[in-house]
Amino acid sequence: MEFSISSRAKNVTFALMILGMVATIVGFFGDNTEHHQRFWSNLLVNGFFFFAISLGALFFLSLQYAAEVAWGTVLKRVFEAVMGYLPVGSAILILFFLAATFGFNHSYEWMDSHHVEHDEILQHKSTYLNPVFFWIRNAVYFTVFILFARAFRKRSLLEDQVGGTELHFKNYRKGATFLVLFAVFSSTLAWDWLMSLEPHWFSTLYGWYVFSGMWVTAIITFIMLTLYLKSKGHLNEVNENHLHDLGKWMFAISFLWSYLWFFQMQLIWYANIPEEVSYYQFRNEHYKFPYYFMFVINFALPMLVLMSRDAKRNYKLLMFVGLVIFFGHWLDVFVMVMPGTVKQHWQFGLLEIGMFLMFLGLFIFVVLRELSKAPLVPKNHPYLEESIHHQF
């Protein structure tokens, strides 16, 4: 069955964008303290958060191909639709990085040559942290991500027409290749875009921590989008076993994220090295409530609610838990970005709410538009029949 964006869905997405834009403008001009940097910081929070969801979709699709997974075949177009936000998300992040490079925002201290001249630590890191090398790395990231995403999508649509196994095995090989590149890039982009906001601090677990948040948020998005489509009479081939599998992914990766959150903090805190502990000292002093609140949401809720088999097959429960954790991981990115950009001058007001709603509306619109461009269930995929009859 073909999917088309209903007028109601369009109205909702446009309303979110307009409401968010109005709230952002009111919040920007209504606040006379630190509003300029708060605006740019919120742009990075939301730009990265929604980009990371689409990148997580590209990773998960590649993983499905490389592992030759059958159960997810009927959900492949959902993965592809979420992945379709990558070009838009890339453009937004490029805008932010250009603004940082040319001094329109002061998010990255190491981009300021005058600041580096008086900072011995940044001088030692300047071989890696310098604008030229930063842009070279960014060019590689965005090029690789978008080229792989477009190639996967092109072969997926072509497979609907020609069938056979040639395209499938090509996706298998390309999926394995992308996973190798992603293993490196997922960490280095986390260092470049987020960890370098506080350039004196570092953690060897940081890339994995950011990756786990990216992964689980993508899974949550798949669940919510699938449930929405089923509520509209689509994806009848998707049964409770498929959703159970997605629920298990959400449950498992939530524990991976929680493990990395706890042991990154515990190991650094126990070692008590000043330049490392400062990261947590500042958050304990100025961001204590959002920092620990988002951990409770992202760890305790899936642990308490999704432990049982029946819970993972309860559509309403999956939707509720997914929505709450979705916000919890947005808050995680908020706490990663704000201490390094606005320091202790953070707020949670119209500017933050408006920017989030605006990006949410844009993200939903782009994903729904991508869904409308192809049949919701792929044709001629070699594992299609196995996926349709998936049970356990």
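If you read the sequence from its start, that first residue is 1, and numbering goes on from there. Both backbone and side-chain heavy atoms feed into the values below; hydrogens, waters and symmetry mates do not.
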Asker: May I ask you to decide if Leu235's main-chain N or O and Lys230's side chain share a donor-acceptor pair within less than 3.5 Å?
Answerer: yes

Asker: Between the main-chain N or O of Leu43 and the side-chain N or O of Asn46, is there a donor-acceptor pair closer than 3.5 Å?
Answerer: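 Looks like no, no N/O pair under 3.5 Å.
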
Asker: Is there a donor in the side chain of Gln344 and an acceptor in the side chain of Tyr287, or the other way round, less than 3.5 Å apart?
Answerer: no

Asker: So, Tyr291 versus Trp261, ring centres under 6.0 angstrom or not?
Answerer: yes

Asker: Flag yes if more than 12 heavy atoms outside Glu275 fall under 6.0 Å of its CD atom; otherwise flag no.
Answerer: yes

Asker: Using a strict 4.0 Å threshold on nitrogen-to-oxygen distance, state whether Lys343 and Glu198 make a salt bridge.
Answerer: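 Salt bridge flag = no for Glu198 with Lys343.
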
Asker: So, Tyr172 versus Tyr65, ring centres under 6.0 angstrom or not?
Answerer: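 Ring centres of Tyr65 and Tyr172 not closer than 6.0 Å.
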
Asker: Between Phe60 and Phe222, how do the two ring planes meet: parallel, tilted or perpendicular, split at 30° and 60°?
Answerer: tilted

Asker: What is the distance from atom CG of Asn42 to atom CD of Glu352, rounded to the nearest 0.5 Å?
Answerer: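 With rounding to 0.5 Å, CG (Asn42) is 4.0 Å from CD (Glu352).
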
Asker: Of all residues at least two apart in sequence or in a different chain, which pass the ring-ring contact (aromatic ring centres under 6.0 Å, His included) check with Phe282?
Answerer: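 Checked Phe282 against ring-ring contact (aromatic ring centres under 6.0 Å, His included); matches are His286.
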
Asker: Between the side chains of Arg77 and Asp160, is the shortest nitrogen-to-carboxylate-oxygen separation below 4.0 Å, so that they form an ion pair?
Answerer: yes

Asker: Got Leu44 and Leu93 here, is their nearest side-chain heavy-atom distance under 4.5 Å?
Answerer: yes

Asker: Over 60° means perpendicular and under 30° means parallel, so tell me whether Trp215 and Trp249 are parallel, tilted or perpendicular.
Answerer: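 Taking Trp249 first and then Trp215, their aromatic rings sit tilted (interplane angle of 30° to 60°).
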
Asker: For this output row, return yes or no: ring centroids of His329 and Phe49 closer than 6.0 angstrom.
Answerer: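 His329 vs Phe49: aromatic centres not under 6.0 Å.
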
Asker: Let me confirm one number: the NE2-CG distance from His244 to Leu306, rounded to the nearest 0.5 Å.
Answerer: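 Atom-to-atom, His244:NE2 and Leu306:CG are 9.5 Å apart.
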
Asker: I'd like to check the ring-ring contact (aromatic ring centres under 6.0 Å, His included) partners of Phe182; sequence neighbours left out, ordered by chain and number.
Answerer: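 Once residues adjacent in sequence are excluded, the partners of Phe182 under the ring-ring contact (aromatic ring centres under 6.0 Å, His included) criterion are Phe59, Phe178, Phe211.
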
Asker: Are the side chains of Pro87 and Phe142 in touch, meaning some heavy atoms are under 4.5 Å apart?
Answerer: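 No, side chains not in contact.
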
Asker: Determine whether more than 12 heavy atoms belonging to other residues, nucleotides or ligands lie under 6.0 Å from atom NZ of Lys154.
Answerer: no

Asker: Quick check against the 3.5 Å criterion: does Thr24 have a side-chain atom that pairs as donor or acceptor with the backbone of Met355?
Answerer: yes

Asker: Report the distance from atom OG of Ser54 to atom CD of Glu80, rounding to the nearest 0.5 Å.
Answerer: 14.0 Å

Asker: What I want to check is whether the side chains of Thr73 and Glu386 have a donor and an acceptor closer together than 3.5 Å.
Answerer: no

Asker: Using the side chain to side chain contact (heavy atoms under 4.5 Å, CB included) rule, take Arg137 and Tyr141 through it: C-alpha gap first, then chi angles, then the decisive distance, then the call.
Answerer: CA-CA 6 Å; Arg137 294 193 300 274; Tyr141 300 152; 3.8 Å; yes

Asker: Using 30° and 60° as the class boundaries, would you call the ring planes of Phe293 and Phe289 parallel, tilted or perpendicular?
Answerer: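 Geometry flag for Phe289 against Phe293: parallel rings.
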
Asker: Would a distance-only check, ignoring hydrogens and angles, find a side-chain to backbone donor-acceptor pair under 3.5 Å from Ser196 to Pro199?
Answerer: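 No: the side chain of Ser196 does not pair with the backbone of Pro199.
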
Asker: Under the side chain to side chain contact (heavy atoms under 4.5 Å, CB included) rule, what do Leu122 and His115 come out as? Steps first, then yes or no, please.
Answerer: CA-CA 9 Å; Leu122 293 187; His115 186 88; 3.6 Å; yes

Asker: Under 30°, 30 to 60°, or over 60°: which ring-plane class applies to Phe299 and Phe255, parallel, tilted or perpendicular?
Answerer: perpendicular

Asker: Report yes or no: does Thr143 contribute a side-chain atom to a donor-acceptor pair with the main-chain N or O of Val140 at less than 3.5 Å?
Answerer: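 Checking the backbone N and O of Val140 against the side chain of Thr143, no donor-acceptor pair under 3.5 Å is found.
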
Asker: Check this for me: does any side-chain nitrogen of one of Arg313 and Asp310 sit under 4.0 Å from a carboxylate oxygen of the other?
Answerer: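 No, Arg313 and Asp310 are not salt-bridged.
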
Asker: Looking only at the aromatic ring of each residue, does the gap between the centers of Phe356 and Trp330 stay below 6.0 angstrom?
Answerer: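 Close enough - the centres of the two rings lie under 6.0 Å apart.
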
Asker: Classify the side-chain pair Asn284/Tyr279 by whether it contains a donor and acceptor separated by less than 3.5 Å.
Answerer: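 The criterion, which ignores hydrogens and geometry beyond distance, is not satisfied for Tyr279 and Asn284.
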
Asker: Restricting to non-hydrogen atoms, name the atom on Ala218 and the atom on Ile53 that form the minimum distance, rounded to 0.1 Å.
Answerer: CB-O, 3.6 Å

Asker: When the aromatic ring centroids of Tyr206 and Trp191 are compared, is their separation below 6.0 Å?
Answerer: no

Asker: Taking atom types as modelled and ignoring hydrogens, do the side chains of Ser126 and Trp110 form a donor-acceptor contact shorter than 3.5 angstrom?
Answerer: no

Asker: Looking at every heavy atom in both Ile121 and Asp119, which two are closest together, and how far apart are they?
Answerer: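 In terms of heavy atoms, the two residues are closest at N-OD1, 3.1 Å.
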
Asker: Can you confirm whether Ile353 sits close enough to Leu357 that some side-chain heavy atom of one is under 4.5 Å from a side-chain heavy atom of the other?
Answerer: yes

Asker: Report yes if the side chains of Ser90 and Ile146 come closer than 4.5 Å at any heavy-atom pair, otherwise no.
Answerer: yes

Asker: Mind checking whether Trp40 and His36 have parallel, tilted or perpendicular rings, split at 30° and 60°?
Answerer: perpendicular

Asker: Please check if the side chain of Ser387 supplies one atom and the backbone of Leu384 the other of a donor-acceptor pair under 3.5 Å.
Answerer: no

Asker: Tell me, yes or no, whether the heavy-atom count around Glu166 atom CD, taken from other residues, nucleotides or ligands under 6.0 Å, exceeds 12.
Answerer: no

Asker: Answer with yes or no whether the side chains of His168 and Asn171 bring together a donor and an acceptor at under 3.5 Å.
Answerer: no

Asker: Partners of Phe97 by ring-ring contact (aromatic ring centres under 6.0 Å, His included), sequence neighbours excluded?
Answerer: Phe134, Trp193

Asker: Is the ring centre of Phe133 less than 6.0 Å from the ring centre of Tyr128?
Answerer: yes

Asker: Can you find a pair of side-chain heavy atoms, one from Glu370 and one from Met83, that are under 4.5 Å apart?
Answerer: no

Asker: With no hydrogens and no angle check, is any side-chain donor or acceptor of Ser231 less than 3.5 Å from a backbone partner on Tyr228?
Answerer: yes

Asker: Is the number of heavy atoms from other residues, nucleotides or ligands within 6.0 Å of NZ (Lys248) greater than 12?
Answerer: yes

Asker: With the side chain counted from C-beta on, respond yes when Leu189 and Phe145 share a heavy-atom pair under 4.5 Å apart, and no when they do not.
Answerer: yes

Asker: Just verifying a value: how many Å separate Thr217 OG1 and Phe50 CZ, rounded to the nearest 0.5 Å?
Answerer: 10.0 Å

Asker: Output the distance between atom NZ (Lys170) and atom CG (Leu158), rounded to the nearest 0.5 Å.
Answerer: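 Those atoms lie 9.5 Å apart.
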
Asker: Hey, what do you get for OG (Ser203) to CG (Leu260), rounding to the nearest 0.5 Å?
Answerer: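 CG of Leu260 is found 9.5 Å from OG of Ser203.
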
Asker: Show the nearest heavy-atom pair for residues Leu167 and Val162, with the distance to one decimal.
Answerer: CD1-CG2, 3.6 Å

Asker: What I want to find out is whether Glu159 reaches Lys76 closely enough, with some N-O distance under 4.0 Å, to be called a salt bridge.
Answerer: yes

Asker: Look only at the side chain of Asn11 and the backbone of Phe14, and say whether a donor-acceptor pair between them is shorter than 3.5 Å.
Answerer: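 Such a contact is absent between Asn11 side chain and Phe14 backbone.
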
Asker: Parallel, tilted or perpendicular for Tyr280 and Trp201, by the 30°/60° rule?
Answerer: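 The rings of Tyr280 and Trp201 stand perpendicular, inter-plane angle above 60°.
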
Asker: Tell me the closest heavy-atom pair linking Met250 and Ile220, and the distance in Å.
Answerer: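 Minimum heavy-atom separation between Met250 and Ile220: SD-CG1, 3.4 Å.
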
